[in-house]
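The structure appears right after this line, and notes come after that.
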Amino acid sequence: MDFDLNDDQRLLKDSVERLITDKYGFDQRRANMAAPGGWSRTMWAQFAELGLLGLPFAEEHGGFGGGPVEAMIVAEAFGRGLVLEPYLATVILGGGLIRRAGDAATQASLLPQIASGELLLAFAHVEPQSRYELHNVATIARQDGARWRLEGDKGVVLHGDCANKILVTARTAGSTRDRTGIGLFLVDVPGEGVSVRGYPTQDGLRAAEVSLAGATGIPLGDPANALPAIERVVDEALAFLAAEAVGVMAAMHASTVDYMKQRKQFGRAIGDFQALQHRAVDMLVLLEQARSMALLATMMVAEDDPVERHKVAAAAKVQIGRSGRKLGQEAVQLHGGIGVTMEYMVGHYFKRMSMIEILFGDADTHLAQLAEGSGVLEAA
Amino acid sequence: MDFDLNDDQRLLKDSVERLITDKYGFDQRRANMAAPGGWSRTMWAQFAELGLLGLPFAEEHGGFGGGPVEAMIVAEAFGRGLVLEPYLATVILGGGLIRRAGDAATQASLLPQIASGELLLAFAHVEPQSRYELHNVATIARQDGARWRLEGDKGVVLHGDCANKILVTARTAGSTRDRTGIGLFLVDVPGEGVSVRGYPTQDGLRAAEVSLAGATGIPLGDPANALPAIERVVDEALAFLAAEAVGVMAAMHASTVDYMKQRKQFGRAIGDFQALQHRAVDMLVLLEQARSMALLATMMVAEDDPVERHKVAAAAKVQIGRSGRKLGQEAVQLHGGIGVTMEYMVGHYFKRMSMIEILFGDADTHLAQLAEGSGVLEAA
Amino acid sequence: MDLSFTPEERAFREEMRRFFRTEIPAEIREKAGKGEHVSKADLITTQQAMNKAGLATPHWPRAWGGRDWTPVQTYIWLDEMQTNSVPAPLAFNTSMVGPVIAEFGSEAQKQRFLPATANLDIWWCQGFSEPGAGSDLAGLRTSAVRDGDEWVVNGQKTWTTLAQHADWIFCLCRTDPNAAKKQQGISFILIDMKTPGITVRPIQTLDGGHEVNEVWFDEVRVPYENLVGEENKGWDYAKFLLGNERTGIARVGVSKARLLRLRELAKLERIGDKPLIEDRHFREKLTALEIELRALEMTQLRVVAGERDRPRGVPNPMSSILKLKGSEIQQATTELLMELVGPYAMPYHAGAEPEGDNDPQSIGPEYAAEAAPTYFNWRKISIYGGSNEIQRNILAKAILGF
Amino acid sequence: MDLSFTPEERAFREEMRRFFRTEIPAEIREKAGKGEHVSKADLITTQQAMNKAGLATPHWPRAWGGRDWTPVQTYIWLDEMQTNSVPAPLAFNTSMVGPVIAEFGSEAQKQRFLPATANLDIWWCQGFSEPGAGSDLAGLRTSAVRDGDEWVVNGQKTWTTLAQHADWIFCLCRTDPNAAKKQQGISFILIDMKTPGITVRPIQTLDGGHEVNEVWFDEVRVPYENLVGEENKGWDYAKFLLGNERTGIARVGVSKARLLRLRELAKLERIGDKPLIEDRHFREKLTALEIELRALEMTQLRVVAGERDRPRGVPNPMSSILKLKGSEIQQATTELLMELVGPYAMPYHAGAEPEGDNDPQSIGPEYAAEAAPTYFNWRKISIYGGSNEIQRNILAKAILGF
């Protein structure tokens, strides 16, 4: 039991935080958002240079063999910076799926391309009827000679508009909500039968609607049983998002406390008012509880038992979702008028937090699912 | 639309409040509790003298023809006084059941006895398995020649230990949770086959466990279909309890505000601390929302449509339950140490509030049931 | 005590309902009900239809179009307006500057401004808040210095709602910087927005919309006669203005319409193998909110009924409860819509911006488009018009006696 | 960063678990787990068993029975104790007066008191709070005036927990009424409860129990040598005492045991036609609380791990978070038990009182009897030991820098 970072981790943390401090101020971020595609290729190259894009991959694949703690360090810093680039989509989700579902050859071919920054990926799972269920898949994959052809509509594909390849869930057997009969297919973009319509999301990031009309897909792993690998990678994404949320929340809290010390009303700093101090304290408690859950999710995400692993990832999503919403609303409220404008960072944090709440299932959804089980405590 | 009391109502309010102020101080209440049976026969006689025991009954039955507003006035004052006497059990529940389910002769015979104070009643509906379901009745009533004999166990019968007659729900047909086949029977106490074990409840009132082993019961109304009348009377009891809760909450709130103005720490009244002021304000909002719901329940309880009537009564129970719990906990907290002792009134209010929460179903139970329906708003 | 409406009141409600449903264009009500952007032209159309029927300014003095209604009638009018998703008459005109001019203005000001204000021929905006004077409004610094027949105004106002549409602004300006208390020495001045030296800079809100602005005054010359009432008495008029007509503040009708709509939408949205409306957790959340709203409706009626016995223009501190609880409920409806919509709350629709040109209905279900913008935008409800913290201070002092 | 326990730590946990499960009588653990009254004799039995094994005072100096454990070991010891429903060693002895005597007492005081204190041969109570000095402890007024070889003590203490069992009391007394600051001029004095002039008056708590008392001192004469450390330095010792061992304050293990028990009881209780545990609403509430507790457990571990780098005896302000959240969760478990039990939470069982003589199991299900008393009694958790308001003040100042 040791919460200290080792030397490599500390180095990583310092360098990512420095990058965010130097290159991800309010104005720079706005400039990045205004770049073609809504994010900065220059930043992406810097991420590659720092080794961030290959962080979780093995050295033989151009990576650094980083584990959950390394991912957490990056996520938290990215949360503070409200990073726009497709790290979650490409490295955590795309790279994760290739690592967990792809064969050795695919890994050897694609992972180095991710690490170098050439390859951008996206993961297409949401469908109009699916809501947050990963196994709710109506998109069909049919064998056509040696090829698989995909047919269906995918929505809110994170960074789907910049991806060179999209990882698509599609059904090869069974009916829409069956847990088996789901495959994962690599689809090249642009490609015949693939149409991608990109748009900004509410937090200034990007997503796309993807239509598949007979598009060719190459199966990644078992085309009849990709769900276990997908669920594992989504748990990793939940741990990443939890840490990103901690970064976002910590920044909102710090901004609120600062603002309270500076802003004067009735001849004194509003931070002198005890009622507001106590609310800032309640925000601190929310933050620290969320941080604890993010740590726990980080600790458990490498767990092989899918039930225990998912339980903690889902619990973290519940905690983050609830704490983050409350903390974010309080941060905006305590900033007053400027909190609801685009001109101050706190509102942007609030918007990102609101989208993190939604990604891969909101708090109520995960709580409902957890409640079906036997609880989240370890029996004595 | 007029929230003012008419002259008679104002007179009633004045006289009940004066009675409470003069006769129901902390020490007098404690003395009443120490009396045999846990409440004061002298007070009961005064209630009779003031006309309170016959308030809801027709003049021909020795009553005053009071309606829901009159009941609300009494309930709220009793809430402030934490009245121990069996008014709810005898007048609202017992008298209500006789009015709603009894035939003319029964009414003519029993209601005057209630009004004069001679007759004490109790309503036995809870069973070990029933929880809060009124239609969950395992106690059996069997016809034995001209008589009905009852068999079963009833629990937590409010003021069951002082009642001369107990109104017992018993099943004449169907299975335990059927809505039909339930009768209501008058059982004399003492009586053969009736055993009553009294005890104090957590709020200092009284209740009893009642065992029926072949006891004789006289049916009140249709022995196969008493549930509609029972549900109506329980809605009336819910409206009464809502108003009583408002009295309790208002007293807790007033006590808290007073205490905050008097209690000094760090050289100033704790009421000078803004964080505590804001909490007292949040309590005020809870109180006023609860008061509004109690008013609405009062307004709707005479409604003949059972669905609309029950909807509002249940909604009031939800509101009262949630507001009351939160307000009570805050009242105790803001009183500090003395709030958790028997030596200060606020704790006794808190305990009564906690029992009101439970009576005839807690907030979660009513919310769950309401949520099955089509909502509580009136469509435009 | 009679808690039901009289037959006359019920007939009045019918009349209002019929008017709103037949005389206000359905497409405007529909847009408003869905939370979509309602244009300047829509607001003018609506208010002029109401004004024509004498329903835009019922609380004004009778001589200027008022109706001498009872508080209950005013409540019913407002409730029907909100429940039927009719955009309210522009508050700056009918609830703020209009009553102030009617009460304190000169005869010439009344003639010149009141009919045009009632009919929205003049669009007013409010110049109160400043960067350094938000909750602490009396700390304002925009100055007006007399120079012969003119005022010379310098300074900056902020959070000026819809200033981009406004023809005129009513401003609080400091006219006596040496007054003993900061509430003294403030005057209430009417300024034509076309006057040279005025600059309007938009402030983009979180949802991407343009509702509020900064307004800069640089040596702006205003006729002296545009002063309302007496010099240095502006604070009194502002208090009168803010105390006016506070019962609508709970926006019960708006929340009611939204909750009814949520219930309908939850029948369309699916969770797992069933409609969301059959999900117990969602239903319980929705029902709990409906209960809070019914209680608030009753609280509002109690305040309305109490108006009868209160002096005019003196705000009832109980209305702070309406603001607190009303804002909580309104905000909760936006959270519930976010939850209802699920992943399709994420796309940002440029069409959600006022005067935007995208088609907001092209991504995900139509009703999803407004979910996040409304959630973000409505955080303002607990901030503006006296933040909820200020409301708590008012209640602590005025009701609890701290 | 390694967030798992080392093999040594896991072995240590096994050792503790085995000890608590085999050496502490099962009936005592069962009573404590159900929230039933644990008698004085039970507490003595438990502590003496622990002391015999060197487990009652691990955080004391080694010379007096301490173990030089790492913070993580101390945490594991405490966690296993709480999770297995073992009544903790009497805090007044092992966490409060013991460490103060060990640090600041004379050699004679150590010899005389420490072994007996560790073994609960002496039962201590705490004389800090007074009617006028609760959260503002430094405002205390009980005086000790030197008279030759004696102190003469006059005044009143309150909220004195289990004073009815106590052999000795450690008191803060004002010894210099003219000190410049009220924190100065206070001394820390040990007083035999059998000394003439001491009166103990019970205070009945809401649940009907007798846990706390008023203690009156009327010309109580105490040997001068019972002063601990220096005259007028008592406030420093009190701060040392209060800063000692704060990580147990979250009572995570206690809440864990209660939540696991709630899950079991919910299988017994029926709602409609099924066990309560199958009710979605109840399950979700229970699960949400479990999640909060897991987060708190982790927060506690973070504080524990941070202890290593902190000076001894200086409280970590982060422990205020443990108190705040820990009390919320503990209280929430009592609410959940009330809800679980339903109507049978209403009967008042005289047997629930300490030393009462009724049979609490005779009305309703056995587990129902403790529901309301615990709900009522545990409201104290957010009040005593520094109220949650005081914890918020500490955090505002020490962590947020207000």
Side-chain angles (χ1 to χ4, degrees), chain B residues 125-133 136 155-156 158 176-177 197 199-209 263-267 270 273 275-276 279 325 328-329 332-343 347-348 350-351 354-355 357-365 367-368 371, chain D residues 129 131-139 158-159 182 203-208 212 269-273 276 279-282 285 331 335 338-339 341-350 352 358 362-365 371-373 375-380 382-384 387-390 392-393 396:
Chain B
H125 60 100
V126 174
E127 298 189 356
Q129 83 296 338
S130 72
R131 209 170 172 86
Y132 298 118
E133 287 183 328
N136 191 322
V156 201
L158 297 182
T176 306
R177 296 181 66 239
R197 196 153 51 101
Y199 50 81
T201 49
Q202 295 285 349
D203 49 6
L205 276 67
R206 302 285 304 181
E209 302 293 284
R263 171 74 171 169
K264 291 205 163 40
Q265 294 275 279
F266 304 104
I270 62 171
F273 291 99
L276 306 191
R279 284 164 66 179
R325 183 187 293 189
Q329 292 176 349
V332 169
Q333 181 72 22
L334 294 175
H335 277 81
I338 60 158
V340 289
T341 73
M342 293 280 216
E343 310 197 346
H348 296 271
F350 176 62
K351 293 203 285 184
S354 304
M355 294 301 107
E357 267 194 62
I358 290 174
L359 281 169
F360 297 106
D362 64 12
D364 282 1
T365 303
L367 180 61
Chain D
S129 292
S135 291
D136 180 17
L137 185 57
T158 192
W159 312 127
K182 62 184 178 178
I203 301 175
Q204 204 180 18
T205 46
L206 273 189
D207 55 321
V212 287
E269 192 69 31
R270 292 187 73 78
I271 184 164
D273 55 1
L276 184 60
D279 181 74
R280 179 170 164 197
H281 187 97
F282 185 83
K285 265 178 136 163
Q331 291 177 335
E335 292 178 46
M338 284 285 276
E339 293 168 12
V341 158
Y344 274 106
M346 294 190 69
Y348 175 81
H349 305 263
N358 257 32
S362 58
I363 304 162
Y375 173 54
F376 297 150
N377 184 282
W378 281 24
R379 299 313 308 168
K380 75 186 177 194
S382 47
I383 295 172
Y384 72 9
S387 72
N388 283 11
E389 291 72 33
I390 294 291
R392 286 194 179 88
N393 287 346

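Computed over heavy atoms, backbone and side chain alike; hydrogens, waters and symmetry mates excluded. All of these numbers come straight from a predicted model, not from anything done at the bench. Naming convention: chains lettered A, B, ... in sequence-line order (proteins, then strands); numbering from 1 in each chain.
Your options are D:S129, D:S135, D:A372, D:G139, and the one with the most heavy-atom pairs under 4.5 Å with chain B is D:S135. For the options B:Q333, B:E343, B:M355, heavy-atom pairs under 4.5 Å to chain D are most numerous at B:Q333. Counting heavy-atom pairs closer than 4.5 Å to chain D, the top-ranked of the candidates B:R325, B:H348, B:E133 is B:R325. When each of D:E335, D:R270, D:K182, D:E269 is checked for heavy-atom pairs under 4.5 Å with chain B, D:E335 comes out on top. Note: B:S354 leads B:S354, B:P128, B:G155 in heavy-atom pairs under 4.5 Å with chain D. Chosen from B:S130, B:G337, B:A207, the residue pairing most often with chain D at heavy-atom distances under 4.5 Å is B:G337. Across D:D279, D:L276, D:V341, D:D273, the residue that shares the most heavy-atom pairs under 4.5 angstrom with chain B is D:D273. Among the candidates B:K351, B:Q129, B:E209, the residue making the largest number of heavy-atom pairs closer than 4.5 Å to chain D is B:K351. When each of B:L276, B:T365, B:I338 is scored by its heavy-atom pairs under 4.5 Å with chain D, the top score falls to B:I338.
The closest side-chain heavy-atom distance from D:K285 to D:E339 is below 4.5 Å.
With a threshold of 4.5 angstrom between heavy atoms, D:N388 approaches chain B through its backbone and through its side chain. Proximity to chain B is absent for every atom of D:Q331, based on heavy atoms less than 4.5 angstrom apart. Heavy atoms of B:V126 lying under 4.5 Å from chain D belong exclusively to its side chain. Interface remark: D:L137 contributes no atoms to any contact with chain B (heavy atom separation under 4.5 Å). Contacts between D:R280 and chain B at a heavy-atom distance below 4.5 Å are absent for every atom of the residue. The part of D:A133 that comes within reach of chain B is its backbone (N, CA, C, O), which places non-hydrogen atoms under 4.5 angstrom from that chain.
The distance from atom CH2 of D:W159 to atom OG1 of B:T341, rounded to the nearest 0.5 Å, is 5.0 Å. Interatomic distance, CZ of B:R197 versus CD1 of D:I363, reported as 5.5 Å (0.5 Å rounding). Rounded to the nearest 0.5 Å, atoms CG (D:L206) and NZ (D:K380) are 11.0 Å apart. Taken from CG in B:D362 to CG in B:L367, the straight-line distance is 10.0 Å, to the nearest 0.5 Å. In this structure, CG on B:L334 lies 12.5 Å from CZ on B:R263, to the nearest 0.5 angstrom. The OH atom of D:Y348 sits 7.5 Å away from the CG atom of D:D207 when rounded to the nearest 0.5 Å.
Here the shortest heavy-atom pairing between D:Y344 and B:V156 reads CE2-CG2, 3.6 Å.
B:F350 pairs by the ring pair (Phe, Tyr, Trp, His ring centres under 6.0 Å) definition with D:Y375, D:F376, not counting sequence neighbours. The side-chain hydrogen bond (donor to acceptor under 3.5 Å, both in side chains) test applied to D:S387 returns D:E389, not counting sequence neighbours.
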